[in-house]
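We use all heavy atoms of the structure for the numbers below, so side chains are in, but hydrogens, waters and symmetry mates are not. Being a predicted model, the structure only gives us computed values, none of them experimental. Numbering of ligands and ligand atoms starts at 1, following listing order.
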Amino acid sequence: MDLSVVIPVYNEEENLRSLLAQLTAVLEASNLVYEIIVVDDGSTDGSFALLRELHGEFRRLTVVRFRRNFGQSAAFAAGFEHSQGSVVVTMDADLQNDPADIPLLLSELDKGYDIVSGWRRDRQDRWLTRRLPSMVANWLISRVTGVHLHDYGCSLKAYRSEVVKNLHLYGQLHRFIPALATWMGVTISEVPVRHSARRFGRSKYGLGRTGRVILDLIVVRFRLSNSASPIHAFGGLGLLCLVLGSVSGLALLLLAVLIRQAVGQAVLPLVVLPWFMGVQLICLGLLGELVVWSSHEDQARPGYVERQVLPQQQGGSDASGLAGTPQFLHNDGVHSGEYR
Ligand code: UDP
Ligand code: MG
């Protein structure tokens, strides 16, 4: 399997038929062996009924249905889990991304990158409530994570499968995939993609996500710098407190001996408090280690529950053999350490 296209769907009934028609037209023309994985994230409109119908028409379609709305990150995670392609492309279901841009992403990936991120240079959303917050968010995320992208929020992105198979997505962290992936050493590129206004259905996000993005950013920053050892993050601060407490303890002792001053009252804030905080912080670090350790044992448990899966039908129209297959299909290594 060359390519898996993963699409999260939450109440996108009016968009699904033309999305699949446009996408299939592009993919059939690409000479790739592909699959389309639509994850119905607990839609409450007629999306799943329609997907069941479309599943009979589009032979390369897999439909995964969640029991309830788990969120876009969980939907991506389920799509990645089911994907078999050596390359995975993600996109929105709302026709705001143009499937015709997929070959662009693939040819950029072909140059040896591990992630190619779409950049909605001419974004068709409201300025004040969507584009401005997103500009600020992209600047902030780039600064804080050190991974500079113009458009974290664009769903249209292409990944080598080993990148998405090694992510542990939960919460709303899908927005940070390129930054999160740097822990495994990846090369990243950006290409401008088209963007249209949403014609049917409603956006699922508003200004309310701003605070959550900031909190998530703290998590990502923490994960990037300390994912291996919380004891280094908390314990480092703890050691600093212990050292400060000891230094001021020594200073107080010297003062007491040299100028024979009673320093008893200063001991509490200058010595006992820093020591107390130091011990607390080291304990917090140990607790963090325990969490990391047990989550390593527990990683088989995803943060979502599926209701059912409609797999691809056997003997679907095969787009082609491997003749003319681009080079990215044969590139099996994750590139180390750099991004652009
Ligand atoms: N989506 C989802 N689960 C959610 C919210 C959104 O699967 O809880 C899907 C939605 O159907 C769409 C994509 O994620 O395909 C992006 O959502 P939306 O278009 O509302 O976001 P925007 O483009 O406005 O940022
Ligand atoms: Mg959208």
Side-chain angles (χ1 to χ4, degrees), residues 5-20 22-23 36-51 54 61-83 88-99 101-102 117-138 141 149-157 169-177 193-210 212-213 216 302-307:
V5 181
V6 170
I7 307 172
V9 164
Y10 183 50
N11 297 343
E12 304 284 2
E13 190 178 4
E14 301 99 321
N15 293 311
L16 290 173
R17 181 170 286 280
S18 46
L19 170 75
L20 285 174
Q22 289 177 28
L23 181 60
I36 301 171
I37 301 172
V38 171
V39 183
D40 175 17
D41 183 13
S43 295
T44 50
D45 65 351
S47 289
F48 183 73
L50 179 58
L51 281 170
L54 294 169
L61 175 65
T62 298
V63 179
V64 177
R65 184 188 187 194
F66 280 177
R67 297 194 70 89
R68 65 163 173 86
N69 179 240
F70 284 95
Q72 205 179 338
S73 288
F76 276 136
F80 295 158
E81 182 64 31
H82 282 269
S83 69
V88 176
V89 165
T90 55
M91 63 187 293
D92 282 355
D94 54 8
L95 298 170
Q96 293 198 266
N97 299 135
D98 187 344
D101 284 325
I102 292 178
S117 174
W119 169 16
R120 298 164 294 179
R121 193 141 61 173
D122 187 19
R123 186 168 165 185
Q124 304 296 318
D125 278 322
R126 283 211 194 94
W127 192 83
L128 192 65
T129 52
R130 304 304 302 272
R131 279 159 57 198
L132 179 69
S134 138
M135 261 153 41
V136 176
N138 284 310
I141 299 172
L149 288 184
H150 289 94
D151 199 355
Y152 270 90
C154 179
S155 284
L156 187 57
K157 289 183 167 45
L169 272 192
Y170 62 89
Q172 296 285 317
L173 294 184
H174 61 273
R175 247 174 241 113
F176 302 92
I177 293 178
V193 294
R194 284 161 274 217
H195 192 245
S196 321
R198 199 189 242 278
R199 286 174 54 213
F200 305 105
R202 298 176 49 200
S203 170
K204 313 301 178 299
Y205 304 106
L207 262 182
R209 73 173 149 191
T210 314
R212 283 188 293 248
V213 167
D216 281 340
Y304 55 84
V305 184
E306 294 163 5
R307 185 187 295 269

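- Judged purely by atom type and a 3.5 angstrom limit, Asp101 uses its side chain to pair as donor or acceptor with the backbone of Arg194.
- Tyr10 and Gln72 share no donor-acceptor pair across their side chains, judged by distance under 3.5 Å alone.
- The residue from Arg123, Arg120, His150 that alone fulfils the side chain to side chain donor-acceptor pair (under 3.5 Å) condition with Ser134 is Arg123.
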Under the criterion side-chain contact (heavy atoms from CB on, under 4.5 Å), I'd like the reasoning laid out for Glu81 against Phe76: C-alpha separation, chi angles, the key distance, then a yes or no. CA-CA 9 Å; Glu81 182 64 31; Phe76 276 136; over 6 Å; no

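- A salt bridge between Arg17 and Glu12 is absent, with no side-chain N of the basic residue lying under 4.0 Å from a carboxylate O of the acidic one.
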Give the intermediate values and the outcome of salt bridge (charged side-chain N to carboxylate O under 4.0 Å, His left out) for residues Arg198 and Asp94. CA-CA 7 Å; Arg198 199 189 242 278; Asp94 54 8; 3.3 Å; yes

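- Around ligand 1 you find Pro8, Val9, Tyr10, Glu12, Asp41, Asn69, Gly71, Gln72, Asp92, Ala93, Asp94, Gln96, Arg130, Arg198, Ser203, Lys204, Tyr205, Arg209, each with a heavy-atom distance below 4.0 Å.
- Between the side chains of Arg175 and Ser73, no donor N or O sits under 3.5 Å from an acceptor N or O.
- Within the protein, the N, O or S atoms sitting under 2.8 Å from the Mg ion (ligand 2) are Asp94 OD2, Gln96 OE1.
- When every heavy atom of Gly118 is checked against every heavy atom of Cys154, the shortest pair comes out as O-CB, 3.3 Å.
- Between the side chains of Lys157 and Ser117, at least one donor N or O sits under 3.5 Å from an acceptor N or O.
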